[in-house]
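For the numbers below, each heavy atom of this structure counts, side chains included, while hydrogens, waters and symmetry mates do not. So that the names make sense, note that chain A is the first sequence line, chain B the second, and so on, each numbered from 1.
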Amino acid sequence: MTNSNPTAPERYNAKDAEPRWQEAWAQAKIFETPNDDPRPKYYVLEMFPYPSGRIHMGHVRNYAMGDVVARYKRAKGFNVLHPMGWDAFGLPAENAAMERKVNPRDWTYANIGTMRGQLQSMGLSLDWSREIATCDPAYYKHQQRMFLDFLEKGLVTRRTAKVNWDPVDHTVLANEQVIDGRGWRSGALVESRELTQWFFKITDFAEELLGALDGLERWPEKVRLMQKNWIGKSEGLEVRFALTRAVHEQTEVKVYTTRPDTLFGAKFLAIAADHPLASALAAGNPALQTFIEECRRIGTAQEAIDTAEKLGFETGLKVRHPLDPAWELPVYVANFVLMEYGTGAVFGCPAHDQRDLDFANKYGLGNTPVVCPEGQEAASFVITDTAYDGDGRMINSRFLDGMSAHEAFEAVANRLEAEVLTGKPVAARKVQFRLRDWGVSRQRYWGCPIPIIHCESCGPVPVPVADLPVKLPETVSFDQPGNPLERDHAWRNVPCPKCGAAARRETDTMDTFVDSSWYFARFTAPWLTDAPTERKAVDHWLAVDQYIGGIEHAILHLLYARFFTRAMRETGWSGVAEPFAGLFTQGMVVHETYKDEGGAWVPPAEIRFESEAGERKAFHVKTAAPIAIGAIEKMSKSKKNVVDPDDIIASYGADTARWFMLSDSPPERDVIWTEEGVQGAARFVQRVWRLVNAATQAAGDGAADLALRKAAHRALAGVGEDVERLRFNRCVAQVYTLANALDEALRGGAVSPAAAQEAAGILVQLIAPMMPHLAEECWQALGRPGLVAQAPWPQVEAALLVEDEITLPVQINGKKRADVTVPRDADAKAVEAATLALEAVQKVLEGKAPRKVIVVPGRIVNLVV
RNA sequence: GCGGACGUGGCGGAACCGGUAGACGCACGAGACUUAAAAUCUUGCGGCCGCAAGGCCGUGCGGGUUCGAGUCCCGCCGUCCGCACCA
């Protein structure tokens, strides 16, 4: 190429070009989005970052993907909203404050400044005029307003509850934030504590949140399933078991069951250690008291639960079987019954529940099988140490015998609902959810203050809307553990808004997941000072058409946001129920790990590679000591396998980093960051630049035009389709294919200037969403007017996508033996004739006719001989 | 334990509704240019046999359906993810 083109351009200089084009875009304000644009809207959003300090490769991948969609949709004629903001409240700021004696606000805003600069150096097409930070009173003021609205609507409550206490972060955590019994952030084993907390009543929407999942067709099936399981709906029966003697006026125990069909297999009743009946009994029973305390102690540590034995305490109480008053069952207090689920009491059917069986075997309660698997003799069906929880025919169950389990469920439910024995129903059908209300109180400083004032006589009083925001105090000290708001008397002590008496502010702040539950709505009109949203704007822009982020938020953030949007609908701040119409969960960025001979982790920047007998070996750049290449893992500081985006952008440019991020792996899978891969991307950047410049020099007679134009339009059609489906790795492959075709055509010398420039122009527009700076530079080199970022997406010429002749594979008995070339519209008969005329086919047939000929038009020919 | 996803060259991966397995890239081999290196260019690259033409085998393993299976069905094996005393 260099030889054939004496006017060869210099190498493309990303360092020079990238800031230049970023400045040009900013000057032209082309990424600032008006709300009143008549074109169809498209809202693309990536999960906003926590300003932890610097961006990491995960951010680069996330935002590169979103930017491809934004730029593509803009070229397709949409009015695209693509904003950015900061999820700016959170514990790291407080930890930094404690460790480094800096103010959390200063620390946060310094990080925002750094990270904003880094994102801008990536050349993202963001509307920075809509930037928001959740720690800004101008943002959280509206969150406080909505909190009060929710409170008025009954969507917020305050109650005492057993909560997850993180002893390291000194705060309460929601159920969703406890992973494997540990705090999601601190990793500390959580403890159970009884505290008075504010709750968002997400359970009010359990049914709706579950039902609406089916409508989220552009969500990954996996995420929908995870949410479905998390909400955990079950349908069963609440059955009242009458006690044979009253205990402190309690005459019955309510039990929730999803298997009323197995009621005749019941052997015992078990209640939770926290059950009111257990407490009542314990009052006069020290042994039981000890047992209950033991249960509570074990209950706090999740790990213990996994290994803990099923333990019970026989109370001596008896209950009557609801289907046979003469049948009495013993009542146990058991460590495996949860007060939080159902009624805090279960009936045990050992034959058909493993846990009940373990318990029954331990205490010698026996078992009676009542569901017999198909094909099994009822007489010989015995349960010893493995319960049977499958389907079958009812046995040993009086009036249920012979029914299916499902029929028996209905029969029992019907009979107990219309109870004939006592004249009143002893059971009711009930739907039960696993989902708990969302506890939002956090005993931390760096969060959105809960706008409540506690008054001795009036109770919790909402701060008047006119007094919002309740701002965090500016000066705080972190020299003692605990929440500094508690100690800030000037801030805390205020008069009651209702009666004027001395009162005190709520010192808990909101879970930071509240902040991120509505930011996408705020982006639609972030300039409003007197309301969280403008209905016209929010209803126009929502739902987000394409949301992109990590799978780790499959439940947490994505469930909270779905709830919050509904709560906003209930309070009039939005007319939309679902915030995200399309969701994409991208994979992580992973990297090899390296260890030196001493077992210490070594960062990739300190390693050089050599190939010895085809084997890749690593050495330390300075000491030349051999380095062991370890497993490929998520980039993490602890394993030192991180690559800083700044370093990559400085040495290769943003386009190279973006291109590599999009090229190798399917976006939903993990991508392995490799030096070779980045270099490959960098080579391609230069190759595009050379090709585009060479295209301006084309001077052929046009003999190769048609083939090149076909290649260009095939790529155009393919990339369009693949961007729509977020298959960026395939887009990249198509671009390479077109680059190869253009290269070959130019080298052949038979391509006309017009066709060369058309193909080069298409190539540039195809890479523009992915490598926007290079694309602008090339666009200019081609002499095209304006910015490629503003150019409409080229039209595919459909005629160029069809071939006049097609080549079909010919199989004989299912094995490929030849090819046959026929006109595109040849019918089956013509294809058959052409196939049979092939020399290779005739040789096999030896004059005989094939037994069968299968012609799939446009696809394949198969001969059976 | 329950629920789900996945398994294709040395590597990342492609293959639409069952129709040419391995697109595209990376790595690697050979060669050209160069004093040399980088860059660039040419070329090879699933395995086995063969000078070649060509043939045989091949998508985790074992069966099945089909003219035809990476794709569908049944049974294993392995990896990853989510939930987990939920009655």
Side-chain angles (χ1 to χ4, degrees), chain A residues 1-4 8 11 179-181 220-223 225-230 232-234 236-237 255-259 262 270 272 299 302 305-306 308 310 334-338 340-349 353-356 358-359 389 432-435 551 554-555 611 614-616 632 660 663-666 668-672 674-681 683-684 686-687 690 721 727 729-740 743 747 807-819 840 850-856 858-865:
Chain A
M1 175 76 50
T2 313
N3 297 343
S4 65
R11 287 173 64 80
I179 318 256
D180 292 335
E221 192 54 46
K222 180 188 169 116
V223 176
L225 188 69
M226 280 169 71
Q227 291 211 355
K228 185 177 172 231
N229 291 339
W230 187 265
K233 180 179 178 176
S234 73
L237 207 60
V255 159
Y256 176 73
T257 177
T258 55
R259 293 296 302 274
T262 65
Q302 274 286 335
I305 287 174
D306 298 336
K310 309 284 170 273
N335 65 347
F336 62 84
V337 181
L338 306 172
E340 297 79 32
Y341 188 81
T343 58
V346 299
F347 83 81
C349 175
D353 182 294
Q354 190 58 48
R355 191 194 48 201
D356 293 346
D358 293 346
F359 189 81
D389 63 359
Q432 184 72 44
F433 293 96
R434 211 192 72 112
L435 183 69
I551 186 78
I555 292 171
S611 185
E615 205 188 332
R616 202 160 138 271
I632 295 170
F660 176 58
S663 63
D664 248 16
S665 296
E668 68 279 9
R669 277 191 231 174
D670 291 351
V671 64
I672 307 168
T674 63
E675 187 62 24
E676 293 87 353
V678 184
Q679 283 169 1
R683 274 200 298 274
F684 186 65
Q686 297 302 334
R687 183 156 179 243
R690 280 197 313 276
E721 195 184 312
R727 304 202 294 196
N729 57 320
R730 286 183 31 139
C731 294
V732 166
Q734 309 235 35
V735 168
Y736 273 117
T737 306
L738 173 57
N740 291 344
D743 205 346
R747 210 179 295 280
T807 299
L808 302 179
V810 175
Q811 293 185 344
I812 293 168
N813 293 335
K815 283 191 185 286
K816 194 201 161 191
R817 284 295 129 98
D819 289 303
R851 282 201 289 155
K852 197 169 174 189
V853 180
I854 294 135
V855 177
V856 185
R859 275 276 174 215
I860 201 165
V861 183
N862 193 9
L863 305 180
V864 187
V865 295

For [N], the Watson-Crick or wobble counterpart (both distances under 3.5 Å):
{"N": "B:rC24", "answer": "B:rG12"}
{"N": "B:rA39", "answer": "none"}
{"N": "B:rG46", "answer": "B:rC57"}
{"N": "B:rC6", "answer": "B:rG78"}

Sticking with atom [atom1], work out how far [N] lies from [M], rounded to a whole angstrom.
{"N": "B:rG78", "M": "B:rA30", "atom1": "C1'", "answer": "39 Å"}
{"N": "B:rG60", "M": "B:rG7", "atom1": "P", "answer": "8 Å"}
{"N": "B:rG22", "M": "B:rG10", "atom1": "C1'", "answer": "14 Å"}
{"N": "B:rG3", "M": "B:rC86", "atom1": "P", "answer": "14 Å"}
{"N": "B:rG13", "M": "B:rC6", "atom1": "C1'", "answer": "14 Å"}
{"N": "B:rC11", "M": "B:rG75", "atom1": "C1'", "answer": "32 Å"}

Closer than 4.0 Å, any side-chain N/O of [X] to the OP1 or OP2 of [N]?
{"X": "A:N862", "N": "B:rU66", "value": "no"}
{"X": "A:Y256", "N": "B:rA87", "value": "no"}
{"X": "A:R355", "N": "B:rC86", "value": "yes"}
{"X": "A:K816", "N": "B:rG55", "value": "no"}

NA contact type, [X], heavy-atom cut-off 4.0 Å: base, sugar-phosphate, or nothing?
{"X": "A:Q811", "answer": "base"}
{"X": "A:V853", "answer": "nothing"}
{"X": "A:N740", "answer": "sugar-phosphate"}
{"X": "A:V856", "answer": "base"}
{"X": "A:L338", "answer": "base"}

Hey, could you give me the [atom1]/[atom2] distance between [X] and [Y], rounded to the nearest 0.5 Å?
{"X": "A:R434", "Y": "A:E340", "atom1": "CZ", "atom2": "CD", "result": "12.0 Å"}
{"X": "A:N813", "Y": "A:R851", "atom1": "CG", "atom2": "CZ", "result": "7.5 Å"}
{"X": "A:L863", "Y": "A:K852", "atom1": "CG", "atom2": "NZ", "result": "12.0 Å"}
{"X": "A:D664", "Y": "A:T674", "atom1": "CG", "atom2": "OG1", "result": "6.5 Å"}

Any A:L808 side-chain heavy atom under 4.5 Å of A:I860 side chain
no

Hey, are A:N740 and A:R687 close enough side-chain-wise for a donor-acceptor pair under 3.5 Å?
yes

Given [options], identify the nucleotide with an atom nearest to the side chain of [X].
{"X": "A:R747", "options": "B:rC81, B:rA87, B:rU42", "answer": "B:rU42"}
{"X": "A:K852", "options": "B:rC67, B:rC24, B:rG3", "answer": "B:rC67"}
{"X": "A:K222", "options": "B:rG3, B:rC81, B:rA87", "answer": "B:rC81"}
{"X": "A:I860", "options": "B:rG25, B:rU20, B:rA87", "answer": "B:rU20"}
{"X": "A:D743", "options": "B:rC41, B:rG19, B:rA39", "answer": "B:rC41"}
{"X": "A:A733", "options": "B:rA87, B:rC24, B:rA27", "answer": "B:rC24"}
{"X": "A:R11", "options": "B:rA39, B:rC57, B:rC67", "answer": "B:rA39"}
{"X": "A:F336", "options": "B:rC85, B:rU40, B:rA23", "answer": "B:rC85"}

Would you kindly compare A:L808 and A:T343 by the position of their nearest RNA chain B nucleotide and give the one closer to the 5′ end?
A:L808

Could you pick out which residue, A:T737 or A:G342, lies toward the 5' side of RNA chain B when each is mapped onto its nearest nucleotide?
A:T737

In whole angstroms, how far is the P atom of B:rU20 from the CG atom of A:D819?
11 Å

Where does B:rG9 fall, syn or anti, if syn means a chi angle no more than 90° from 0?
syn

Relative to its sugar, using the 90° cut-off around 0, the base of B:rC17 is syn

I'd like to know whether A:N335 forms a side-chain contact (heavy atoms from CB on, under 4.5 Å) with A:F359, so could you lay out the CA-CA distance, the side-chain angles of the two residues, the decisive distance to 0.1 Å, and finally the verdict.
CA-CA 10 Å; A:N335 65 347; A:F359 189 81; 5.8 Å; no

Please encode protein proximity along nucleotides 6-17 of chain B as a string of B, S and -, counting only heavy-atom distances under 4.0 Å.
------SSSS--

Going through the checks in order, is the side-chain contact (heavy atoms from CB on, under 4.5 Å) test met by A:V732 and A:F684?
CA-CA 11 Å; A:V732 166; A:F684 186 65; over 6 Å; no

A:Y341 vs A:Y256 aromatic rings, parallel, tilted or perpendicular, using cut-offs 30° and 60°?
perpendicular

I'd like to check the salt bridge (Lys or Arg N to Asp or Glu O under 4.0 Å) partners of A:D353; sequence neighbours left out, ordered by chain and number.
A:R355

Record whether the side chain of A:R683 comes under 3.5 Å of the base of B:rA39 through a donor-acceptor pair of N or O atoms.
no

